[in-house]
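Numbers here simply count residues along the sequence, with the first being 1.
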Amino acid sequence: MEQYSRIFGFSRLAFMFVCLISFIHSNLVVQGANLEDDSINNVQCNTDLTSFIPFPYSDLPNMVCKPLWNSYLLRYSQSKDHEITVVLSTIYTSGWVGIGFSRDGKMLNSSCMVGWINSEGHGKIKQFYVKGFKPSEIKGDEGELPLTNVPPYVALQGATIYLAFQLKYNTTLKTQPILLAFSTKNPHHHHLTVHDDKTTIYFDFSSGKTDSSVDISSSILKDKRTHGTLALLAWGLFLPIGAIIARYLKHKERLWYYLHVGFQLIGFLLGVAAVVIGLSLDKKLHAFIPAHKGIGIFVFVLTILQVFAFITRPSTDSKYRGYWNLYLLET
């Protein structure tokens, strides 16, 4: 019994150690990224736009400059007659960059301004209307944004792309759900390629602040980290260790079985939690990532079959015992 207690005590310590390391690593990465982004944002906000962006985008009275997400920086100026001049900038290598205005924070039925640099090196910018999640359902030169007669403009300065456009509203624009998205692949025949990542931020244009009470970007980031950590612990640590124990420690009589069941059970519960958070993320993001979702469901189904195998475990003298062992890869 003392040996059993030591082994299970060690497994609990190992589990806590892995969780602690994952938590510390995630926080260090995020803090480091935030410090780097703050430095970049300060430099970008002080950039002189007059040399590469035409008036009125290069001369914004009472300009507000705010970091939004990753390297996305929002410059804007709102006049007394409710005219908003917007300049969005971010790091750019290829593909397209977009900012969308949504009614409810969701991608569906949103209107977006998207900019990119084509293969000839010319900047392109146009409005798109999201009627569905397929590329064919994202319509170019359509949308509900109240654009003024000032032509939108896109420029590439060094490694930064700038999207500039002007909107005219009937009243002061206050808290507005903003969608930010990008893809590393250029639009094909002016049809947008699927985005690589996106987020939703509720921004108050009257105060220049992010509405923390409804801002879901930090919540989504936290859910992504939790989803990835739980999946890594489940299918990258506990379930593989359980399988290894079943294969290589069978000479330890019944000890191997209890260890195997313990690790498999913990891995299964962590996997269930990862799937639940993943489904919640899917609803929040409205992302079209069939490969990731399909692989996740497939792996989870295999895990459930493993649990069913434990429930239906035959006795040692059963004629089906050999098939059961073969199924679990324990022979």
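In this structure, the side chain of S111 engages the main chain of E144 through a donor-acceptor pair within 3.5 Å. At least one donor-acceptor pair closer than 3.5 Å links the side chain of T193 to the backbone N or O of K185. Within the 3.5 Å criterion, the main-chain N or O of I117 finds a donor-acceptor partner in the side chain of N186. In this structure a side-chain-to-backbone donor-acceptor pair under 3.5 Å is present from Q78 to L173. Formation of a donor-acceptor pair under 3.5 Å by the S58 side chain with backbone atoms of I53 is found in this model. No donor-acceptor distance shorter than 3.5 angstrom exists from the side chain of Q176 to the backbone of R103, with no hydrogens or angles considered.
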Step-by-step side chain to side chain donor-acceptor pair (under 3.5 Å) determination, S71 to T90: CA-CA 5 Å; S71 61; T90 186; 2.7 Å; yes
Evaluate the criterion ring-ring contact (aromatic ring centres under 6.0 Å, His included) for residue pair Y76 and F205; output intermediate values, then yes/no. CA-CA 9 Å; Y76 75 93; F205 281 88; 5.0 Å; yes
Starting from the C-alpha separation in whole Å, work towards a yes-or-no answer on side chain to side chain contact (heavy atoms under 4.5 Å, CB included) for F268 and I304. CA-CA 8 Å; F268 175 72; I304 292 176; 4.1 Å; yes
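Within the model, atoms CG of L270 and OG1 of T303 stand 11.0 Å from one another, a figure rounded to the nearest 0.5 Å. Remark: L88 CG to M113 CE distance equals 11.0 Å, nearest 0.5 Å. The CD1 atom of I245 sits 5.0 Å away from atom CG of L259, with the distance rounded to the nearest 0.5 Å. Rounding to the nearest 0.5 Å places CG of L180 at 8.0 Å from OG1 of T200. Between atom CD of residue E142 and atom NZ of residue K126 there is a gap of 10.5 Å, rounded to the nearest 0.5 Å. Note: F165 CZ to I99 CD1 = 5.0 Å, rounded to the nearest 0.5 Å.
Considering L147, V150, N149, D81 as possible partners of K168, the one that fulfils the side chain to side chain contact (heavy atoms under 4.5 Å, CB included) test is D81.
In terms of hydrophobic clustering, with Ile, Leu, Val, Met, Phe, Trp and Tyr side chains grouped at heavy-atom distances under 4.5 Å, L192 and Y129 are assigned to different clusters. Linking Ile, Leu, Val, Met, Phe, Trp and Tyr whenever their side-chain heavy atoms come within less than 4.5 Å puts L265 and V299 in one cluster. By the rule that hydrophobic residues join a cluster once side-chain heavy atoms approach within less than 4.5 Å of another member, V276 and W235 end up as members of one cluster.
Listed here is the closest heavy atom pair of P240 and A234: CD-O, 3.9 Å. Here the closest heavy-atom approach between residue A274 and residue L230 is recorded as CB-CB, 3.8 Å. Across all their heavy atoms, R75 and S89 have their closest contact at NH1-OG, 3.3 Å. Nearest heavy-atom pair across H195 and A181 is CB-CB, 4.2 Å. A pairwise comparison of heavy atoms in Y57 and Q166 identifies OH-N, 3.7 Å as the closest pair. The minimum heavy-atom distance linking T184 with S94 is given by the pair O-OG, 2.9 Å.
Within the 4.5 Å cutoff, the side chain of L239 has heavy atoms near those of the Q264 side chain. Put simply, the side chain of I244 does not reach to within 4.5 Å of the side chain of F263, judged on heavy atoms. W256 has its side chain out of reach of Y248: every pair of non-hydrogen atoms, C-beta onward, lies at least 4.5 Å apart. Under the 4.5 Å side-chain criterion, counting only non-hydrogen atoms from C-beta, W69 is in contact with D197. Between F300 and V272 the shortest side-chain heavy-atom distance falls below 4.5 Å. Between K66 and F203, some side-chain heavy-atom pair lies under the 4.5 Å cut-off. Using a 4.5 Å cut-off on side-chain heavy atoms (C-beta onward), T160 and Y162 make contact. Under the 4.5 Å side-chain criterion, counting only non-hydrogen atoms from C-beta, P152 is not in contact with L163.
For N170, the CG atom is loosely surrounded, since the number of other residues' heavy atoms within 6.0 Å does not exceed 12.
Ring orientation note: the planes of Y72 and F182 are tilted relative to one another, at an angle of 30° to 60°.
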